[in-house]
Amino acid sequence: MTSTVTGRGKPKNNYDMDEGEQSFLITKVTGLPRAEVTNVKVEFVNEDGAQLENNYDLDVKGGYAAFYWLVKNGLGVDLDVGEQFDLANLEGRFVLLDIIHKPREAGGVFNNIKSTVGPGTPFGDAASGDDWDDED
C-alpha cells in the first residue's frame, strides 16, 4: 500500500521574509493561562502577506524583556512594576520590527525578531486614512 500527499504549494508564511526593518500588523494575540498570563503568542503579518509568530515566555528574563520592548517601543506604554496591561491593546496595531535570519540545521532559514524598533507605518486598508492611533 502506498501513501501519498497532495502538495498545496509553498506555505504563505515567514519563509519569504526579507531581513531588516519592516512594518508588521499584529493580527492576533493569545495569552495563557487566561487569569495570570505567563505566555503570550503574537501573530504578525507584513505588507507582503508574510506571517510571523513569536512566543513570549514572561517567566523567562529574556522573554519578558522582549515582550516589554514590544509594548514600550511598539505602543509607547511603559509597564511599571505591578501595572496591568490588556493584551487586546496589541491587536490591530502596527509595529516596526528588525528581522534577522538564523539558519536551520535541516536547511532553510528561521526568521527571528532582533528588536522592536518602534511604531510601524500602517499599510493596506489602514493606510487609506483610518487613524488607528486615535483609539487610545
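Just so it is clear, the values below take in all heavy atoms, side chains as well, and ignore hydrogens, waters and symmetry mates. Everything numeric here is computed off the predicted structure, so don't read it as measured data.
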Next on the checklist: If you count every heavy atom of other residues, nucleotides or ligands that lies below 6.0 Å from E83 atom CD, does the total exceed 12?
Outcome noted: yes

Can I get a per-line list of side-chain donor-acceptor pairs under 3.5 Å for residues 59-81, giving both atom names and the distance, sequence neighbours left out?
unit_1: Y68; atom_1: OH; unit_2: D78; atom_2: OD1; d: 2.4
unit_1: N73; atom_1: ND2; unit_2: T116; atom_2: O; d: 2.8

Checklist entry - How close do T121 and F94 get, heavy atom to heavy atom, and via which atoms? => result O-CD2, 3.9 Å

Next on the checklist: Test your reading of the model: is there a side-chain donor-acceptor pair from D48 to the backbone of A50, 3.5 Å cut-off?
Outcome noted: no

Item to check | ring pair (Phe, Tyr, Trp, His ring centres under 6.0 Å) contacts in which one or both residues fall within residues 25-49, not counting sequence neighbours | outcome: none

Checklist outcome for this item: Shortest non-hydrogen pair, M17 vs F24, comes out as SD-CZ, 3.7 Å

Next on the checklist: Please give me the minimum heavy-atom distance between T38 and P33, naming the atom from each residue.
Outcome noted: OG1-CD, 3.4 Å

Checklist entry - Could you give the distance from CG (L90) to CD1 (I26), rounded to the nearest 0.5 Å? => result 4.5 Å

Checklist outcome for this item: Going by chain and number, the hydrophobic cluster around V117 (ILVMFWY, side chain to side chain under 4.5 Å) further includes L96

Next on the checklist: Run N112 and H101 through side-chain hydrogen bond (donor to acceptor under 3.5 Å, both in side chains) and show every step you take.
Outcome noted: CA-CA 6 Å; N112 195 34; H101 290 166; over 6 Å; no

Checklist outcome for this item: By side chain to side chain contact (heavy atoms under 4.5 Å, CB included), V45 pairs with (sequence neighbours left out) L25, T27, Q51

Item to check | For E43, salt bridge (Lys or Arg N to Asp or Glu O under 4.0 Å) partners two or more places apart | outcome: K41

Checklist entry - Minimum heavy-atom separation for N39 to D57, with atom names? => result ND2-CA, 4.0 Å

Checklist outcome for this item: CD1 of I99 to CD of E21, rounded to nearest 0.5 Å, is 10.0 Å

Checklist entry - Looking at CG of L97 and CG of N111, how far apart are the two atoms once the value is rounded to the nearest 0.5 Å? => result 11.5 Å

Checklist entry - Between CG of D98 and CD1 of I113, what distance do you get to the nearest 0.5 Å? => result 10.0 Å

Checklist entry - With sequence neighbours excluded, what pairs up with L32 under the side chain to side chain contact (heavy atoms under 4.5 Å, CB included) test? => result T30

Item to check | Nearest heavy-atom neighbours spanning V29 and E91 | outcome: N-OE2, 3.0 Å

